[in-house]
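What follows is a set of notes on a single structure, which appears directly below.
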Amino acid sequence: MSVALETEDPLDDIRVNFKSGWSALVQAKRTLTKGTAFSKAVDQWIEAAQLSLAPETHRFVIVSGSLSGPLRDLQKALERHRSDLPGPPTKGEAEALSYLDGLLNVLTPEQKELVLRCGVLCELAVEELHHADARIGALYLRSLVSPATAENGRKAWKELVSAAGKAARLRGGYMLEGWLAELRGAGVSIATSGESPSAELERLHGALERYRERAIRAGASIDLRGLGARLPSIPIEDIDADVKVSTDSDDTRAEADLLWAFLRRGRLILTGLPGGGKSTAIRILAAQLCTLPAAPLPLRVSLKDVDALDHTASFRDRLLTAAVRDDAAADRALIRGELDARLSSGGVALLLDSLDETYDRRAAVASEVDEFMKTVSTDVDTLLSTRDVAFGHAATLGWEDLSLLPPKKSERVISAILSRAAEKRPLSDSDAARWVQERTDWVNEALRRDVTLRETPLLPVLLTLLAAEKDLDTLPVGRARVLAEVVHDAVSRHELSRQDGSTLGPLDGSATDTAAMHAFAVEASAILRSNGSIKLAELVRILAGEIATHWGLSPGFSLTTARDAIQFFDGSGIFVISGPTETVAPRVALFAEIGDALRAVEQPEKLKEWVTEKIQSAQIEPIILAAGISSTAAAVLGAVATESSSERSVLYAAVRAYREGAIFSEGHLDSICNRLITDLSSGDPSSWDSWTQLLELPITLKMRAAIESAAGKYDQQRQKLVRAELDLRFRSHEELRQMPESLLDVLRLEHLPHMAKPVTKGRTNLKALLVENQLHSAQIRAAQILTGSVPEATELVVERAKHTSPSLQTALRDILTRAGLEVAADELEESRPDWKMLDWLRDLEPDNDRKFLNLLAQRPKAELTYQQQVRCNELADFLETLSLNDAGSLQMFKYPEDIPSVIDLTATLFDFDSAVVAAQAELTIDRMDKGWGSTAYYALSRGIMSRCARGRLRGIIRKCARGGLGFGGLFAGRERQ
């Protein structure tokens, strides 16, 4: 049911839509007598009757605080006429009907009959609380509020009348949920007991509030228990809380907050490396959606959990079961029903995590998601996250893909963890500060030495936890050894022979650590063999069998020890037991993968068989980790990778293992290089990646001719890049200065031609981004060697810097400065007019964006559809048309008297729906006021989104100012004139 006030209907005071399909058009009057007032009211009945409304579902209603005698007669006559067999009217009723007939003389007999069947006169004295009908209304409300007192009923009536007045002034209205929200906002408690619609809605409201609170809590802090740390959760605001994604492969600066990128697009794929923070990013996104006005309700699940449920249920049922399993039992049915309804009608945001963790069922799960999305409303926004390894399956959905960017300030995470660890130590303030600083320096130095440890936010955290527990000279080297040490460290931190006397089954002392690590490896291997999760009973059986064999325990002791070990890792948050069916799964997939690797290297005689099994099940990560731990595993991977039948993914896995510290024999390295050269020689666009892989390996001079021959299958620009890279690898700096031709050639390159299939507009081409970065890296190294020594190189560096990305430009300008060429660096600075702060910006007021939105919001507003309120595309297009994301357009705010005319002209010329734009402007202001500040405004920019914070205005000018465009350009031109 909904009630709207001051509508555009023929009877324009109130429109009531009932759930049954009935509707009533209502006019409200203080008093009503025969004469002008009644005649005008009947004119609206005439207009409604000419619309041929159905008497079975429509009523024309005039409500008045008091009716004159003749109109009371008419009221009774109309009531009688609506019966199936109306009797004859009284004398007074007949006179009243005759009077009404005279007012309806413009209608046909059929239309007059429609008025008699649909017309209603109602006398309700409600304007003052002491009026009889107002007291009846308060009495009705008394049964719906809590506590159900007469005073609370009167308060509810008073607030309801006030809310109706506000809605009338705004020419709006509410569904029943909206009216309850107005009462709730006024401090009226709605009863949840009973079967009234309001009680049912209030119970649902309470359940959804608790659902949102749970989502907000989950996204408000980082819980390190999953890593085995006994530290308090770290609030998001204490670390780098911004979750950023890359939005443009051609501009490394182009980034956006995940929240706004998601809302502006609706359906997308989020990619990232293992341990890249995707799950944390999704938790933060869900929390943000719960606090952002007009945002969809988040439904966050792991696809691994959904896929682990009984497949006799539909995907939809499994999805909903996983979504509500952590809610209170009393709330689950309510929340599940609401989520199910929103899947059909819209207004929910599906956040689907961990496609990659479904392993060999990735294709099947992606297909299930695809089929499921065909059954839900188009107003269901969806984000699916996966590692890059499963991107091919996710891409079949046809959605835009964005790449999660790593946190820019890992030092904040390191400092927060170490500070909390220091709080648990008996240290003075000065000693604690020194303890934190020493370990911060240690972690940062480890990250500096091994850049691979910076690839994901997880690894700096793992190193930091080690730093908090270990001596400063025991930091492991390589990602695999770091992960292995982390697990062992977690076991040591949670040693089960505690002061309370608990042990790991019958084992105690040093055997506890050894048995726990063995159990960890067996448990991890069993989980991955079961595609990422396993039933508790099955895991107990497998682990008990292994323990019996390895430790020589009886069946009874083996079962006890297995259960203890599983409970230990559940309590530490490494392998978690969840759900009514008691399923065991890793909280972080990397733990299962490193455990599987540790299990494999304990059985060297089975390594070849294990590697083959992992390749067949598309579980490449454990192989890479095993190679980093064990030289035997590295030898097996090297042998498999060089087999002619091996897939390219296995070859690339060997390269990655080498980069992360695996030790391969010289023969295997040569064979891997030769296979990569052979792959490169195919000339296929996808084979160009093999050149990138070769750069990670110790290629030899004798391979150069073969590499150059293979590169000959590609365009001239790539051939020049390869020659330059090879010269940089095999020639000394002095030789390169004597023979600089290849480096000069690479400095002349502006970009490398795209070889792959064109990417849909708006989608991120990750490969293109990597290729451009490769070119820029070669150009920087060439510039470092030649600048100041080869005059032509200096000229090329200056010219290249004028027409390239800001990151490369900054690097080249620094090279010029270090070479003592300040004049050239200054020339480069002067060549960029967009770097100069315009004089008129000094007096620019900081809240012009809000003032402009207020001007837009003052106009009549439309009721927004889901897409309109979530995307705000119309407002974004309006701002883009005015070039309000161009610095030159800021001139417009120097002439505020012209702005309303510009708004009207823009709406007329470009056919904007002003009412929609006004409503979206009002919504954006609300978002700004609810804690989102200027980011809610600048998120409307498709090009620069989160880079436009007002506090970074100078950055805006440097990135955007190219002279005025659109209407903004007119104002910039006016200033110049």
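None of the values given here were measured: they were computed from a predicted structure. Note that the numbering runs from 1 along the sequence shown for the chain.
Using a cutoff of 4.0 Å between basic side-chain nitrogens and carboxylate oxygens, Glu613 and Arg529 are scored as salt-bridged. For Glu538 and Arg541, the salt-bridge test passes: some basic side-chain N is under 4.0 Å from an acidic carboxylate O. Classification of Asp356 and Arg362 as a salt-bridged pair fails, no side-chain N sitting under 4.0 Å from a carboxylate O. By the 4.0 Å N-to-carboxylate-O rule, Asp317 lies close enough to Arg336 to be salt-bridged with it. The existence of a salt bridge linking Arg656 and Glu621 is confirmed by a sub-4.0 Å separation between a basic side-chain nitrogen and an acidic carboxylate oxygen. In this structure, Arg318 pairs ionically with Glu368, as a charged nitrogen and a carboxylate oxygen lie closer than 4.0 Å. Salt bridge absent: Lys606 and Glu609 never bring a charged side-chain N and a carboxylate O closer than 4.0 Å. Here Glu213 does not pair with Arg210 in a salt bridge; the nearest charged N to carboxylate O distance is not below 4.0 Å.
If you take CZ on Phe262 and CG on Leu270, they are separated by 10.5 Å, rounding to the nearest 0.5 Å. Considering CG of Leu319 and CG of Asp305, their distance stands at 11.0 Å, rounded to 0.5 Å. Rounding to the nearest 0.5 Å places CZ of Arg212 at 5.0 Å from CG of Leu297. Interatomic distance, Leu383 CG to Leu285 CG, rounded to the nearest 0.5 Å: 6.5 Å.
No side-chain N or O of Arg361 forms a donor-acceptor pair with one of Thr358 less than 3.5 Å apart. With 3.5 Å as the limit, one finds no donor-acceptor pair spanning the side chains of Arg927 and Thr935. Checking Ser302 against Asp353 by side-chain atom types alone, no donor-acceptor pair falls below 3.5 Å.
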Requested in this report: Please step through side-chain hydrogen bond (donor to acceptor under 3.5 Å, both in side chains) for the pair Arg316 and Ser344, ending with a clear verdict.
Outcome: CA-CA 11 Å; Arg316 185 177 187 132; Ser344 298; 2.9 Å; yes
Query - Leu351 and Leu299: CA distance, side-chain angles, deciding distance, side-chain contact (heavy atoms from CB on, under 4.5 Å) verdict - result: CA-CA 6 Å; Leu351 308 180; Leu299 191 166; over 6 Å; no
Requested in this report: Any chance you could lay out the side-chain hydrogen bond (donor to acceptor under 3.5 Å, both in side chains) test for Thr271 and Asp401, step after step, and finish with the verdict?
Outcome: CA-CA 7 Å; Thr271 62; Asp401 59 280; 5.4 Å; no
Query raised in the report: Could you go step by step and tell me if Lys244 and Asp257 meet the salt bridge (Lys or Arg N to Asp or Glu O under 4.0 Å) rule?
Result: CA-CA 5 Å; Lys244 304 287 188 182; Asp257 292 326; 2.7 Å; yes
Requested in this report: Mind running side-chain contact (heavy atoms from CB on, under 4.5 Å) on Leu536 and Thr583 for me, showing each step along the way?
Outcome: CA-CA 5 Å; Leu536 176 60; Thr583 300; over 6 Å; no
Requested in this report: Could you give me the CA-CA distance, side-chain angles and deciding distance for Asp381 and Arg265, then say whether salt bridge (Lys or Arg N to Asp or Glu O under 4.0 Å) is met?
Outcome: CA-CA 8 Å; Asp381 292 340; Arg265 288 160 177 80; over 6 Å; no
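Every residue two or more places apart in sequence or in another chain that forms a side chain to side chain contact (heavy atoms under 4.5 Å, CB included) with Ser221 is listed here: Ser233.
Aromatic rings from Phe520 and Phe591 are positioned such that their centres are separated by 6.0 Å or more.
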